[in-house]
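Here the structure is a predicted model, which means the values were calculated and not measured. Letters A, B, ... are given to chains in the order of the sequence lines, protein chains preceding strands, and every chain is numbered from 1.
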Amino acid sequence: MKYKPQEIEPKWQRFWEKNDFYKAEDFSDNPKKYILIEFPYPSGQGLHVGHCRSYSALDAIARKKRMEGFNVLFPIGWDAFGLPTENYAIKTGIHPQVATEKNVLNYKRQLKSLGLSFDWSREINTTDPKYYKWTQWIFLKLFENDLAYQAEIPINWCPSCRIGLANEEVIDGRCERCRTKVSQKELKQWMLRITKYADRLIEDLDKVDYWENIKSQQKDWIGRSYGVEINFKVENSKKEVKVFTTRADTIFGVTALVLAPEHPLTKTLIAKDRLSEVKKYIKESQDKTEFERTKLEKEKTGVFTGSYCINPINNEKVPVWVGDYVVATYGGGAVMVVPAHDKRDYEFAKRYGLEIREVVKGGDISKQAFVESGTLVNSGQFNGLSSKKAIEKINKWLEKNNVGTKKVQYKLRDWVFSRQHYWGEPIPIVHCQSCGAIPVPEKDLPVKLPYVEKYKPTETGESPLAAITKWVDTKCPECGGPGKRETDTMPNWAGSNWYYVRYCDPKNEKELVDKKKAGYWMPVDWYNGGMEHTTLHLLYSRFIYKFLFDIGVVPQSEPYQKRTSHGMVLAEDGRKMSKSFGNVLNPDDIVREYGADTLRAYEMFMGPFDQTISWNSQGVKGVYRFLDRVWNLTLECTKNKNSAKKTVKAIHKLNKKIQEDMEVVKFNTAIAAFMEFINFCFENKKDIGKDTIQRMLILLAPFVPHITEELWHYLGNKDSVHNQPWPKYDSGLVKEEIITFIIQVNGRVRDKVEVKADISEKEASDLTLSREKIKKRIGEKEIKKIIFVPGKLINIVI
RNA sequence: GCCCUCGUGGCGGAAAUGGAAUACGCGCAACGCUUAGGACGUUGUCCCGCAAGGGUUGCAGGUUCAAAUCCUGCCGAGGGCACCA
């Protein structure tokens, strides 16, 4: 009998499905485990081998947890709104909904062919009105709680296509489609006040078990810094310029202020004789795109307004400039210029001949800015203090004299939540001339996306929905007068913000989720996804979950207990898989040639789970060979009744290794351990009994579910290998009785000897000193020290 | 520029806590089985050396009885942020 995965795999897949093997049970008596993968975007390209990598790995975890007696929820769904499908529709004329349905079917077939143990009864789809009803409901709640608001903000605008572009559509400052330079256009947008949650999003990271690099990326993205806002009075005026700084210790070094061109005070501070020059500068910088202003990072330019401010600490007169290197949206859009101690200010001062005054000792300011901490000089009563002390004292002084306030600043900005596209959730708002923006009443949800023929954005930059007057024109829910529907749709993130909650209760038509069910399943115990989602998706969904907690929908404030990330799978040539390179690998082909088990095991074996790795088709063959050997070994060893003692020891050691490696996401070494064990079995065929084979099959089952199920039944078992309890290893059997003891001289390995594991220091040193090799080494030299590491080695220092 | 991760054979990569560097797989070589090829099996495979022996974890130092692992500096790769005051 030969190993033919193509025959056995579909057979068992049907068997598991027919018998509802992987259904999660609400409120079971067993402890729950919620294992989650990021639900895929069903693109036209079909499943990527990268999906297979992380799904197989988490599937193995889910299967093991079931065997350990947990009630496991391992769900799947579709994140199906978004641009790729809309663009595909524009190109081909196939409606996004039709394309989505087709793609979902294909993905489903592919995922099922891998033998992943998803609970398909909980399948969700973000484009299903029954689902996005609740996405819209969340928006209404945000609006009700003043966390959703409208604001005029600049968006990326392609003057040639006359459409607004998402950041993803802007490549190197140009329109992805026509390569025209993108400019900025002010448009009214819906925004979410995520900044209100900034502190909680940082602090609550202490409660969860994410990989450290993930935590630090979240923190960096939020970018909290503590400082002080200082008021600089405008000379001969009642106006004040507020600047934020984290370096109050350098305040005596201020030789100018610079305002962003967009700063509200800028225009009012221009002296008459400088009007035309300054206005010209402001206009020029506004014509620049955000890309030019930030990415080019070239010369820092600016222009003097003709006005002066007063430095509150020493009453010095400092000139006020306008410069577009100052970020308008951060810290109030104004900075104090301390050329001696800030690189950008140094550059700016050099260019325009501003004074560079040293106030912190430690560097050579004639060459470059000294940005580190040091001791204060030229700073009046604060001379001699360390930077740290000085910041404290100066902050106090500023507060006491009412010219400064301690302040916390964030890099995080409020979240632009509207898109001028068709394929997304309609924002459930009606605009009324007399009542303003009015939420659609809850009973009228969902606001269904109308079925249209044209999805192209309009000339004005509005969403394609704006052209459907029949849909747009409606009644104001407040006064009953004429109203117009909001035509912007929500971004792709909207549906993925909360989908993991819906899995707990996917068919509920009355509520987003039943509170008891959420209470039972949440939080997600283990969430794995791509590194590219560790900032945005993770942060956004944590924010929304916290909000749902605040309004009493869910029982805790953090959605994910543990978060891990997988590395990308590159093509064999080391590049990203892409149609244009012609190096895309279709998992279907691997399944057809080698079977799903080989694909799964290979992707876990190929390297460390969190690292990016190139595909290697030879490596796939190696894994196939290994499974073939598992097959042959099982067939050959059924006649042996009992296993020899060394075999029993080996299988228990394997048991321990697999147990440990799976918990710490080391799938590659787990598979390697299986290979080693199989090699051992082939060398000791006579000593391998059925009991050993069975235990090995159970351990292997989470990784390669089909072959193990087939062999399990071949051995005469009537039930499923996947319903076996996870075996426990005997720690007594795992211990080595005889070890290879290492003998070092001056830290170099000079000899090895087999001894019993619990050899004492005295026995070990006696043994060592009696060895010929060692005697020769030591010769006449004096032994200074003997270091003994029990069960490991001895080191003679001479 | 800042932050994070990492640098080990021809290749992908192993080495909890500092304690045998190179597990496992690929590739390669020889042999066996085969008419042959493939598949399979057995053996070998870090470098120098006939050997005894010596050397080796990007480079240069340091700590230690002992360093791939800890510390300092440099070089290189990947990722994130990017004029954030």
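Taking 4.0 angstrom as the limit, Arg625(A) places none of its side-chain polar atoms (N or O) nearer than this to OP1 or OP2 of rG38(B). Residue Asn679(A) places at least one side-chain N or O under 4.0 Å from the OP1 or OP2 atom of rG25(B). Checking the phosphate oxygens (OP1, OP2) of rG54(B), no side-chain nitrogen or oxygen of Arg748(A) falls inside 4.0 Å. Put simply, Asn213(A) has no side-chain N or O that comes within less than 4.0 Å of OP1 or OP2 on rG80(B). In this model, the phosphate group of rA85(B) is approached by a side-chain N or O of Ser225(A) to a distance below 4.0 Å at OP1 or OP2. Dashed line: the shortest gap from a side-chain N or O of Arg629(A) to OP1 or OP2 of rG41(B) is under 4.0 Å.
Between Phe609(A) atom CZ and rC6(B) atom P the separation is 17 Å, expressed in whole Å. Whole-Å rounding puts the Phe232(A) CZ to rA85(B) C1' distance at 12 Å. One interatomic measurement links the two molecules: NZ of Lys300(A) to C1' of rA85(B), which rounds to 12 Å at whole-angstrom precision. Protein atom CD1 of Ile739(A) is 12 Å distant from nucleotide atom C1' of rG19(B), rounded to whole Å. If you measure from atom CZ of Phe605(A) to atom P of rA23(B), you get 12 Å, rounded to the nearest angstrom. Rounding to whole angstrom units, CD of residue Gln618(A) and P of rC28(B) are separated by 7 Å. Note: CD1 (Ile743(A)) to C1' (rG19(B)) measures 14 Å, nearest angstrom. As a whole-Å value, the separation of Arg247(A) CZ from rA85(B) C1' is 10 Å.
For rG9(B), the O4'-C1' to base torsion is within 90° of 0; the nucleotide is therefore syn.
Across all strands, Ile613(A) comes closer than 4.0 Å only to sugar-phosphate atoms, never to a base (heavy-atom distances). Residue Gly622(A) is classed as a sugar-phosphate contact, given heavy-atom separations below 4.0 Å to backbone atoms only. Here Asn795(A) lies in heavy-atom contact (under 4.0 Å) with a base. Val749(A) comes within 4.0 angstrom of the backbone, heavy atoms only, and of no base. Using a 4.0 Å heavy-atom criterion, one finds that Lys666(A) contacts the sugar-phosphate atoms exclusively. Asn668(A) comes within 4.0 angstrom of the backbone, heavy atoms only, and of no base. Residue Val335(A) is in base contact, counting any heavy-atom pair closer than 4.0 Å across all strands shown. Counting any heavy atom pair closer than 4.0 Å across all strands shown, Lys784(A) reaches no nucleic acid atom.
Atom NZ of Lys406(A) is surrounded by 12 or fewer heavy atoms from other residues, nucleotides or ligands within 6.0 Å.
Ring geometry for Tyr540(A) versus Trp493(A): interplanar angle over 60°, hence perpendicular rather than tilted (30 to 60°). Classified by interplanar angle (parallel below 30°, tilted 30° to 60°, perpendicular above 60°), the ring pair Tyr602(A)/Trp615(A) is perpendicular. Between Trp631(A) and Tyr3(A), the ring-plane angle classifies as tilted under the 30° and 60° cut-offs. Taking the six-membered ring where the residue is Trp, Phe703(A) and Phe667(A) present perpendicular rings, their angle passing 60° and hence far from 30°.
A gap of 11 Å separates the P atoms of rG25(B) and rG41(B), to the nearest Å. For rG27(B) and rC71(B), the C1' atoms lie 39 Å apart once the distance is rounded to whole Å. Look at the P atom in both rU63(B) and rG53(B): the space between them is 30 Å, to the nearest Å.
In a base pair of the Watson-Crick type (N1 to N3 plus N6-O4 or O6-N4) or a G-U wobble (N1-O2 and O6-N3), with each distance short of 3.5 Å, rC50(B) is matched with no nucleotide. Using the Watson-Crick or G-U wobble rule with both distances under 3.5 Å, rC26(B) pairs with rG10(B). When both distances must be under 3.5 Å, the Watson-Crick or G-U wobble mate of rA67(B) does not exist. Within the shown strands, rG32(B) is the pairing partner of rC40(B) under the Watson-Crick or G-U definition, both distances less than 3.5 Å. In this structure, rG73(B) and rC59(B) make a Watson-Crick or G-U wobble pair, each of the two defining distances being under 3.5 angstrom.
Looking at Asp199(A) and Arg224(A), a side-chain N of the basic residue comes within less than 4.0 Å of a carboxylate O on the acidic one, giving a salt bridge.
Residue Gln744(A) places a side-chain atom within donor-acceptor reach of the base of rG19(B), judged by atom type and a 3.5 Å distance cut-off alone. Put simply, the side chain of Lys785(A) and the base of rC65(B) share no donor and acceptor less than 3.5 Å apart.
Toward the 5' end of RNA chain B, the nearer of the two residues Asn632(A) and Met675(A), judged by each one's closest nucleotide, is Met675(A).
A cation-pi arrangement is found for Arg575(A) relative to Phe581(A), the charged atom lying closer than 6.0 Å to the ring centre and inside a 45° cone about the ring normal.
Using a 4.5 Å heavy-atom threshold, the side chains of Lys407(A) and Val228(A) count as separate.
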